[in-house]
2 protein chains.
Amino acid sequence: MRASERAYRALREEILDGALEPGAALAEVEQANRLGVSRTPVREALARLEADGLATAASARVLQVSALDAASIRSLYELREALEGQASRLAATRREPERFTALRERIADAPALLDAGEEGLRAYYDAVDALDDEIESAAANPMLGAALRSVRLHSARVRRLARHHPERLRAAASEHLLIVDAIVAGDAALAAHATHVHLHLSLRHALASIEARHPDGHRVA
Amino acid sequence: MRASERAYRALREEILDGALEPGAALAEVEQANRLGVSRTPVREALARLEADGLATAASARVLQVSALDAASIRSLYELREALEGQASRLAATRREPERFTALRERIADAPALLDAGEEGLRAYYDAVDALDDEIESAAANPMLGAALRSVRLHSARVRRLARHHPERLRAAASEHLLIVDAIVAGDAALAAHATHVHLHLSLRHALASIEARHPDGHRVA
DNA sequence: CCCCGCCTTTATGTATACACTCCAGTTCAC
DNA sequence: GTGAACTGGAGTGTATACATAAAGGCGGGG
């Protein structure tokens, strides 16, 4: 694999994991030494991270890991509502219910996975992610797909802040099931509204989580 | 200004103008010679264009100017509906009507500009673009703003294909006026729906334009 | 006559050297 | 003592050289 690709994935993973905390400096030479490549591929990786919104130029010459505070999470969810709502709506419009039959069962069985420890949790998220992928694919819109993938990076980052709440995840599974059923039924309006409902509840949970972790809402930046 | 920034803007302008036609190859050395810089800044510029969706990797080692056919225009408008609809909705929700008072008059007067030749046409589009900027700013959502700016690049590209139809532009001004009024009135649903209507009519016109120009719908790729 | 394989060529991917700018620390003048 | 200017350093921005791999052409064989 290309060195720039490896550097990009390594840095991205560390940002999503929180190993590189919000506000951490991303200097070319430092990262090049740490990753064992030259500045050139690191430079390319940093440019991609900035385009993704995972890194932000604090000044003309210093790049930082982007903040992840309540305000940016709200912004993210407003954007997700627009994009994922449209994706669900389009997926319903395409009338290809057979794409979702296997996936529906997988989502229906997902709550049981929450009693299967760490591995089950991973399987739960795999099922949810598979649904996202299928909706994106069914929407059959490359530009929307690109926007969704970008947004999913940030969602993954929020997910790792708010993870591990079985009660919420059980409810989320029901919400996802309703979305799938609306798509299968070809009910575009319901698909969009169910997505809205899911995101609303998910946002509420995410904000409560970070509030619990950082009582002062401005400390996470 | 940095050489990479100049290279990016020059190439972007040529793609939007159509000087670089869809499918044209974007080779690093060729563009570096043409623009009078080394490969390094050109490389960075090409990476940004690819991230923007204005360039597409045809194979592992050849980058081309992205296609601009009926299918990609439809995709663009589905994405625009999601993003601009949400932006209008949020702008209405924020309840800052005073931001739009001057702009409303400007849009109301825009149709008269269509009788003022080339310069008037530019002024017309400046007014429309100013409205887009103000809605984006009023929506107060950095992530949505970034997505909107990306989409606006592609919209500009389509605009130059379908330009110069005074009748359509007069109608578009009325549609924009309705959007502004809905935002000023704080009517989020109407703002979103008026945006939907505007995009629907705009898409119909764009598709008719390229159909007239390329009777075979697949020739523009 | 066609197809497979090798070779050449040409492009990209990476490393490195150099130039330049911005920031900080220090020193001097007021 | 404070402020401003100068100087040093660290980091980015660009150019270039080298490594590498994919694509196309040519030749030989079937």
Side-chain angles (χ1 to χ4, degrees), chain A residues 1-15 19-67 142 146 149-150 153 221, chain B residues 1-15 19-67 142 146 149-150 153 221:
Chain A
M1 187 188 305
R2 298 184 315 181
S4 61
E5 184 69 24
R6 276 188 297 121
Y8 169 70
R9 295 194 191 180
L11 289 169
R12 186 182 68 183
E13 195 56 31
E14 289 181 349
I15 293 174
L20 281 169
E21 293 186 4
L26 294 170
E28 296 178 7
V29 194
E30 177 190 349
Q31 298 304 325
N33 293 336
R34 198 166 64 83
L35 300 173
V37 293
S38 78
R39 277 179 58 212
T40 307
V42 168
R43 206 178 154 72
E44 186 171 327
L46 293 177
R48 288 180 65 183
L49 290 171
E50 188 178 359
D52 288 338
L54 293 176
T56 307
S59 74
R61 294 164 79 105
V62 16
L63 194 70
Q64 294 183 335
V65 175
S66 296
R149 279 189 294 281
S150 164
L153 286 180
Chain B
M1 187 188 305
R2 297 184 313 181
S4 61
E5 184 70 23
R6 277 187 297 119
Y8 169 70
R9 294 194 192 181
L11 290 169
R12 186 182 66 184
E13 196 54 33
E14 290 181 347
I15 293 175
L20 282 169
E21 292 187 1
L26 294 170
E28 295 177 7
V29 193
E30 177 191 348
Q31 299 303 326
N33 293 337
R34 200 167 65 83
L35 299 173
V37 295
S38 77
R39 278 179 57 211
T40 307
V42 168
R43 206 178 154 72
E44 186 171 327
L46 293 178
R48 286 179 67 183
L49 290 171
E50 188 178 359
D52 288 338
L54 293 177
T56 308
S59 74
R61 293 165 78 105
V62 17
L63 195 68
Q64 295 183 334
V65 176
S66 296
R149 280 188 294 280
S150 164
L153 287 180

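A, B, ... follow the sequence lines: proteins, then strands. Residue 1 opens every chain. Predicted model only: the values in this text are computed from it and were never measured.
The OG atom of A:Ser59 sits 8.0 Å away from atom CD of A:Gln64, with the distance rounded to the nearest 0.5 Å. Rounding to the nearest 0.5 Å places CD of A:Glu14 at 7.0 Å from CG of A:Leu35. To the nearest 0.5 Å, the span separating OG1 on A:Thr40 from CD on A:Glu28 amounts to 9.0 Å. Here the straight-line distance linking atom CZ of B:Arg39 with atom CG of B:Leu46 works out to 10.5 Å at 0.5 Å rounding. Between atom CG of residue B:Leu49 and atom CG of residue B:Leu11 there is a gap of 5.5 Å, rounded to the nearest 0.5 Å.
Side-chain N or O atoms of A:Ser66 include one that pairs as donor or acceptor with a backbone N or O of A:Leu54 at under 3.5 Å.
Using a 4.5 Å heavy-atom cutoff, the side chains of B:Leu26 and B:Leu20 are in contact.
Within residues 53-64 of chain B, the residues that have a heavy atom under 4.0 Å from DNA chain C are, in order of number, B:Arg61. Within a heavy-atom distance below 4.0 Å of DNA chain C, the residues of residues 26-48 of chain B found are B:Ala27, B:Glu28, B:Val29, B:Arg39, B:Arg43.
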Worksheet item: So A:Arg2 and A:Glu44, side chain to side chain contact (heavy atoms under 4.5 Å, CB included) or not? Walk me through it.
Response: CA-CA 11 Å; A:Arg2 298 184 315 181; A:Glu44 186 171 327; 4.2 Å; yes
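Note: CZ (A:Arg2) to C1' (D:dA21) measures 13 Å, nearest angstrom.
Comment: A:Glu5 does not engage A:Arg12 in a salt bridge, judged by the lack of any side-chain N to carboxylate O separation of less than 4.0 angstrom.
Taking the 5' to 3' direction, DNA chain C first and last meets chain A under 4.0 angstrom from a heavy atom at C:dG13 to C:dC22.
For the residue pair A:Ser4 and A:Ala45, the shortest heavy atom distance occurs at O-CB, 4.0 Å.
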